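Working notes for the structure below.
What you are looking at is a predicted structure, and each value in this text was computed from that prediction instead of being measured.
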Amino acid sequence: MTAGGQHCCIFLIFDYNTVNMRATKAIINLTSLRNNIREIKKLLKAPTKLCISVKANAYGHGAVECAKVAVEEGADFLAVATPEEGVQLRNAGINIPIIMLSLCDPQEVETVVKNDITPFVFDEEYMQYFAKACQNEGKTGYHVHIAVDTGMGRIGVRPTEAGKLASAIEKTGTLHVGGIGTHFALSDDTAETSKSYTKTQFTLFLEAVKAVKDAGIEPGICHCSNSAATLDCPEMHLDMVRPGIIVYGYYADKIDETYLAKKNVSVHLEPVMTLQTKVCSIRSFSKGQSVGYGRTWIAPEDTDIAVLPIGYGDGMLRRFSTKGVSVFIHGKRYPIRGRICMDQCMVDIGKNNADVHRWDDVIIFGSEKNGVRQSAEDIARLTDTISYEITTGITSRVQRVFQN
């Protein structure tokens, strides 16, 4: 029990058969996750459904645990990318509808059908794999969603062909059109040309929906809003939204808190993951000594180097070495020196630093709510990428510690 009288629950998920915990860990704050889902739900008008993306291990946060919270918070659907991701959720006792956003191999179709995972289909050949699997399993009326390519250029039927595909689906005798969706390419950008492109995509999607209706078929759940459109385009929410990164506490690129405030939209997101490690060694360096592979950094003066047990094998990517990424010890910033190794990295703490000791906690990124001075978004901007890549890049050997 905390000083304030509130209970704090912490539970651990281990990937290895050990009771020991590495110094390097990812703290997953499920209270922040709940906050983010509730903030998203505030934007929705009934009866718009909520599909929460938990693909890629819930963007690195732990799929099963995050999915359970999503269900508790009222999610109508969950979204995955692969059959294995869907099976993992089913094996964990999660029974709400699961939609698979990416394609699978024909050999995986049976697994999809047996586990009642809803696939996206966009051509008759691919659709027929599911029709045959349903026939083999004795299933009828199995829901599939039609993927429409309105300008993303990955998967999807052309809008003008959506009606024809819907008819083919219904004629199988085993499949049923349960929904139709598309994906926006530029909805996270605020430039007028980008906004115009998103509006064009939306118009094309509505034309696809109409084509299905004109074929005499109900399109089911119509959905197109990703994180950015969920925040910025309420007119595009339709029957369901599919937020991803915002669930985990990061805004969708240019659609950030400042931009939304100017539109009188209040959405306060909290980063769910805090990545941390410890100082495992402090070593004295004289002027002229180097550290790390390639001798890319040579001490310009006497200093001390703290060695941290985290490297690119954990998701602390090698390119961070030269992009100005720092770590925080007791709230103070310390720069990385030399190349990040697979299992370790080194930071400059200055000579005889009385504030840093062996086994002190080191924060890589996390939430300001917890006093952290650097987020995954900050690192993303320094390294020319997006927060999605930073969190999903945290590897399986980094133990997730779940806190309520």
Side-chain angles (χ1 to χ4, degrees), residues 8-11 13 24-43 52-63 65-70 73 75 188 226-228 230-231 243-261 265-277 310 314-317 320 323 325-331 333 361-395 398-404:
C8 179
C9 177
I10 301 177
F11 58 100
I13 300 295
T24 299
K25 60 182 74 73
I27 309 298
I28 309 300
N29 190 313
L30 298 180
T31 298
S32 293
L33 179 64
R34 292 181 188 278
N35 168 80
N36 298 337
I37 295 172
R38 291 170 187 177
E39 288 288 292
I40 294 165
K41 290 178 72 175
K42 282 165 41 179
L43 301 173
I52 290 180
S53 180
V54 292
K55 63 180 181 174
N57 197 29
Y59 294 45
H61 293 74
E65 293 74 23
C66 291
K68 287 179 177 178
V69 169
E73 292 297 324
D188 57 358
N226 53 10
S227 285
T230 298
L231 294 175
I245 193 65
I246 58 176
V247 173
Y248 306 102
Y250 290 101
Y251 294 89
D253 200 8
K254 303 292 178 55
I255 313 300
D256 58 18
E257 196 165 17
T258 301
Y259 168 84
L260 293 169
V265 176
S266 176
V267 182
H268 178 66
L269 304 178
E270 300 173 0
V272 175
M273 179 191 294
T274 296
L275 181 63
Q276 67 181 57
T277 187
I310 183 171
D314 303 294
M316 188 77 169
L317 301 180
F320 293 178
K323 296 291 186 176
V325 176
S326 300
V327 304
F328 288 81
I329 306 172
H330 301 306
R333 181 187 300 270
D361 286 337
V362 181
I363 304 297
I364 312 302
F365 64 78
S367 171
E368 290 183 4
K369 176 183 176 183
N370 300 321
V372 177
R373 307 287 182 85
Q374 179 169 260
S375 70
E377 180 64 30
D378 294 327
I379 293 177
R381 288 174 178 167
L382 284 171
T383 57
D384 302 317
T385 186
I386 53 178
S387 55
Y388 309 61
E389 185 181 36
I390 303 300
T391 61
T392 59
I394 305 306
T395 65
V398 177
Q399 294 164 350
R400 272 63 172 178
V401 181
F402 297 88
Q403 295 182 345
N404 279 314

Atom pair [atom1] ([X]) and [atom2] ([Y]), whose distance is rounded to the nearest 0.5 Å:
{"X": "I245", "Y": "E389", "atom1": "CD1", "atom2": "CD", "value": "11.5 Å"}
{"X": "I28", "Y": "Q399", "atom1": "CD1", "atom2": "CD", "value": "12.5 Å"}
{"X": "S53", "Y": "Y388", "atom1": "OG", "atom2": "OH", "value": "10.0 Å"}
{"X": "S326", "Y": "L382", "atom1": "OG", "atom2": "CG", "value": "8.0 Å"}
{"X": "I379", "Y": "T385", "atom1": "CD1", "atom2": "OG1", "value": "11.0 Å"}
{"X": "Y251", "Y": "H268", "atom1": "OH", "atom2": "NE2", "value": "6.5 Å"}

Minimum heavy-atom distance between [X] and [Y], given as atom pair plus value:
{"X": "S367", "Y": "T274", "result": "N-OG1, 3.9 Å"}
{"X": "N36", "Y": "I246", "result": "CB-O, 3.7 Å"}
{"X": "A252", "Y": "S227", "result": "CB-CB, 4.2 Å"}
{"X": "I52", "Y": "A75", "result": "CD1-CB, 4.1 Å"}
{"X": "T391", "Y": "Y59", "result": "OG1-O, 2.9 Å"}
{"X": "G331", "Y": "R373", "result": "O-NH1, 3.3 Å"}

Is there side-chain contact between [X] and [Y], with heavy atoms separated by less than 4.5 Å?
{"X": "V69", "Y": "R34", "result": "yes"}
{"X": "C66", "Y": "L33", "result": "yes"}
{"X": "T277", "Y": "V327", "result": "no"}
{"X": "V265", "Y": "L43", "result": "yes"}
{"X": "E377", "Y": "F365", "result": "no"}
{"X": "T230", "Y": "I40", "result": "yes"}

Apply side chain to side chain contact (heavy atoms under 4.5 Å, CB included) to the pair D253 and I386, showing each step before the final yes or no.
CA-CA 8 Å; D253 200 8; I386 53 178; 5.8 Å; no

Can any side-chain N or O of [X] pair as donor or acceptor with the backbone N or O of [Y] at less than 3.5 Å?
{"X": "N29", "Y": "V272", "answer": "no"}
{"X": "Q374", "Y": "I364", "answer": "yes"}
{"X": "R400", "Y": "G60", "answer": "yes"}
{"X": "Y250", "Y": "A376", "answer": "yes"}

Taking salt bridge (Lys or Arg N to Asp or Glu O under 4.0 Å) as the test, write out the residues that go with R333, two or more places apart.
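Listed in chain order: nothing, the list is empty.
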
Let me see the working for E65 and K68 under salt bridge (Lys or Arg N to Asp or Glu O under 4.0 Å), right down to the final yes or no.
CA-CA 5 Å; E65 293 74 23; K68 287 179 177 178; over 6 Å; no

Can a donor-acceptor pair be found between the side chains of S32 and N35 at a distance below 3.5 Å?
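No, no side-chain donor-acceptor contact under 3.5 Å.
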
Test side chain to side chain contact (heavy atoms under 4.5 Å, CB included) applied to V54 and Y248, step by step
CA-CA 10 Å; V54 292; Y248 306 102; 3.6 Å; yes

Kindly determine whether N57 and T392 satisfy side chain to side chain contact (heavy atoms under 4.5 Å, CB included), including the steps that lead there.
CA-CA 7 Å; N57 197 29; T392 59; over 6 Å; no

Passes salt bridge (Lys or Arg N to Asp or Glu O under 4.0 Å), K323 versus D384? Steps please.
CA-CA 9 Å; K323 296 291 186 176; D384 302 317; 3.5 Å; yes

